[in-house]
A.B. asks: 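Please see the structure below; I have some questions.
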Amino acid sequence: MHLEWIKVTGGICAYGDAGRPVKVPTLLWTRTPLAYGHLPSDHSGLGPQYPVTEISHAEATQIASRLGGRLPRSAEWEWMAAGPSRRRWPWGARPWQPAFANLRDSLHDTVTPVDTHPTGATPEGMLDVAGNVWEWTASTAMSDGVIVRGGSYASPPLYAQCTFLNAAPAELRSRGIGMRVVREL
């Protein structure tokens, strides 16, 4: 499985619920959260299409670096997910339904392959931006936490909205947290 990159043109992100303007550069993004098939060897037992999970923030940072990139900042992630029009959901304005993303009420009850929900793609073709696994970012939160974005298979739909952010302890290894890689142009 090869790593597919999508160019997302930068701009001014109206970040967060307050809409604070944050300049975001043009970046190359992995089309999906990093999957085991993107790594040199697959030790997950899940198969190559499943998201890499149960990694700490430090491990995610190291993996991104080995792949020639880094973790996105929270505002960069939000810009990729919401776009310049500030979409409510990565796919647009339509309310969540199980075909769009793997969330708590979709009845999967665990992670799914990263290409399972193509109808939930962003207009640029980014997959699994909402649901399946939270994604580590490079942005920190109070008390040694790190901002995670996107919601997971165990999250209610509210958590998958583009402006929703959460935090997790940097050392946490969870089946519900994965990663996406960005590269500067």
Side-chain angles (χ1 to χ4, degrees), residues 4-34 51 57 60-61 64 69-106 114 117-170 172 176-185:
E4 186 177 348
W5 297 89
I6 292 181
K7 180 180 174 181
V8 176
T9 303
I12 303 297
C13 176
Y15 181 63
D17 292 332
R20 181 172 54 93
V22 176
K23 186 175 180 173
V24 173
T26 298
L27 297 167
L28 291 176
W29 290 78
T30 53
R31 183 170 189 236
T32 66
L34 197 64
H57 184 260
T61 301
R70 62 173 174 81
L71 296 177
R73 294 174 188 93
S74 184
E76 293 167 344
W77 190 99
E78 188 169 313
W79 176 257
M80 173 274 297
S85 65
R86 287 195 89 198
R87 293 181 298 269
R88 183 174 187 175
W89 307 94
W91 54 84
R94 291 179 60 198
W96 173 80
Q97 53 186 288
F100 291 145
N102 180 11
L103 295 166
R104 179 176 60 203
D105 297 331
S106 61
V114 295
H117 296 87
T119 56
T122 67
E124 297 79 16
M126 304 286 287
L127 296 174
D128 263 9
V129 174
N132 212 17
V133 293
W134 288 99
E135 297 177 17
W136 286 117
T137 71
S139 300
T140 57
M142 296 187 317
S143 303
D144 263 353
V146 177
I147 295 174
V148 292
R149 303 297 300 258
S152 79
Y153 65 89
S155 299
L158 168 71
Y159 293 8
Q161 291 183 18
C162 295
T163 59
F164 191 91
L165 56 87
N166 199 354
L172 181 65
I177 302 176
M179 62 181 288
R180 195 178 297 260
V181 181
V182 297
R183 286 183 177 166
E184 309 259 347
L185 291 177

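Hydrogens, waters and symmetry mates play no part in the numbers below; they use all other heavy atoms, side chains included.
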A.B. asks: Looking at every non-hydrogen atom in both residues, tell me the closest pair between P90 and V129 and how far apart they are.
C.D. replies: CG-CG1, 3.6 Å

A.B. asks: Sequence neighbours left out, what passes side chain to side chain contact (heavy atoms under 4.5 Å, CB included) with T9? Give chain and number order.
C.D. replies: T26

A.B. asks: Taking side chain to side chain donor-acceptor pair (under 3.5 Å) as the cut-off, I'd like each qualifying pair that reaches into residues 93-102, sequence neighbours left out, listed once.
C.D. replies: N102-S106, N102-T112, N102-N132

A.B. asks: List the atom of W79, the atom of I12, and the distance in Å for their closest heavy-atom pair.
C.D. replies: CZ3-O, 3.1 Å

A.B. asks: State the CZ-CG distance between R180 and L34, to the nearest 0.5 angstrom.
C.D. replies: 10.0 Å

A.B. asks: Within the distance-only criterion (no hydrogens, no angle test), does the side chain of T137 pair as donor or acceptor with the backbone N or O of I147 below 3.5 angstrom?
C.D. replies: yes

A.B. asks: Go through the steps to decide whether L185 and L28 satisfy the test side-chain contact (heavy atoms from CB on, under 4.5 Å), and finish with yes or no.
C.D. replies: CA-CA 7 Å; L185 291 177; L28 291 176; 3.5 Å; yes

A.B. asks: Tell me whether R104 contacts the main-chain N or O of P157 through its side chain, where contact means a donor paired with an acceptor under 3.5 Å.
C.D. replies: no

A.B. asks: Please report the closest heavy-atom contact between V148 and A168, naming both atoms and the distance.
C.D. replies: CG1-CB, 4.3 Å

A.B. asks: Identify the two heavy atoms, one from W91 and one from A101, that lie closest to each other, and give their separation to 0.1 Å.
C.D. replies: CZ3-CB, 4.2 Å

A.B. asks: Got a sec, which residues hit side-chain hydrogen bond (donor to acceptor under 3.5 Å, both in side chains) with T122, two or more places apart in sequence or on another chain?
C.D. replies: E124

A.B. asks: Flag the pair S74 / R149 as yes when at least one side-chain heavy-atom distance between them is below 4.5 Å, and no otherwise.
C.D. replies: yes

A.B. asks: Backbone N or O of A99 within a donor-acceptor pair of the T119 side chain at under 3.5 Å?
C.D. replies: yes

A.B. asks: What pair of heavy atoms forms the shortest contact from A75 to C13, and how long is it?
C.D. replies: O-SG, 3.8 Å

A.B. asks: Could you list the residues that satisfy side-chain hydrogen bond (donor to acceptor under 3.5 Å, both in side chains) with T163, not counting sequence neighbours?
C.D. replies: D17

A.B. asks: Who are the side-chain hydrogen bond (donor to acceptor under 3.5 Å, both in side chains) partners of E76, not counting sequence neighbours?
C.D. replies: R70, R73

A.B. asks: Holding to side-chain hydrogen bond (donor to acceptor under 3.5 Å, both in side chains), I want the full list of residues that pass it with W77, two or more places apart in sequence or in another chain.
C.D. replies: E135

A.B. asks: Are W5 and T30 close enough, and set up right, to give a side-chain contact (heavy atoms from CB on, under 4.5 Å), and what steps lead you there?
C.D. replies: CA-CA 5 Å; W5 297 89; T30 53; 3.8 Å; yes

A.B. asks: Any sub-3.5 Å donor-acceptor pair from R31's side-chain atoms to I6's backbone N or O?
C.D. replies: no

A.B. asks: Could you walk me through whether I177 and H57 satisfy the side-chain contact (heavy atoms from CB on, under 4.5 Å) test, starting with their C-alpha distance in whole Å, then the side-chain angles of each, then the deciding distance to 0.1 Å, before giving a yes or no?
C.D. replies: CA-CA 9 Å; I177 302 176; H57 184 260; over 6 Å; no

A.B. asks: Take the angle between the ring planes of Y159 and F164 and call it parallel below 30°, perpendicular above 60°, tilted in between.
C.D. replies: parallel

A.B. asks: So do the side chains of W136 and P72 get within less than 4.5 Å of each other, counting heavy atoms only?
C.D. replies: no

A.B. asks: Measure across P33 and L127 and return the closest heavy-atom pair with its distance rounded to 0.1 Å.
C.D. replies: CD-O, 3.5 Å

A.B. asks: Would you say the side-chain atoms of S152 pair up with the backbone N or O of A154, donor to acceptor, closer than 3.5 Å?
C.D. replies: yes

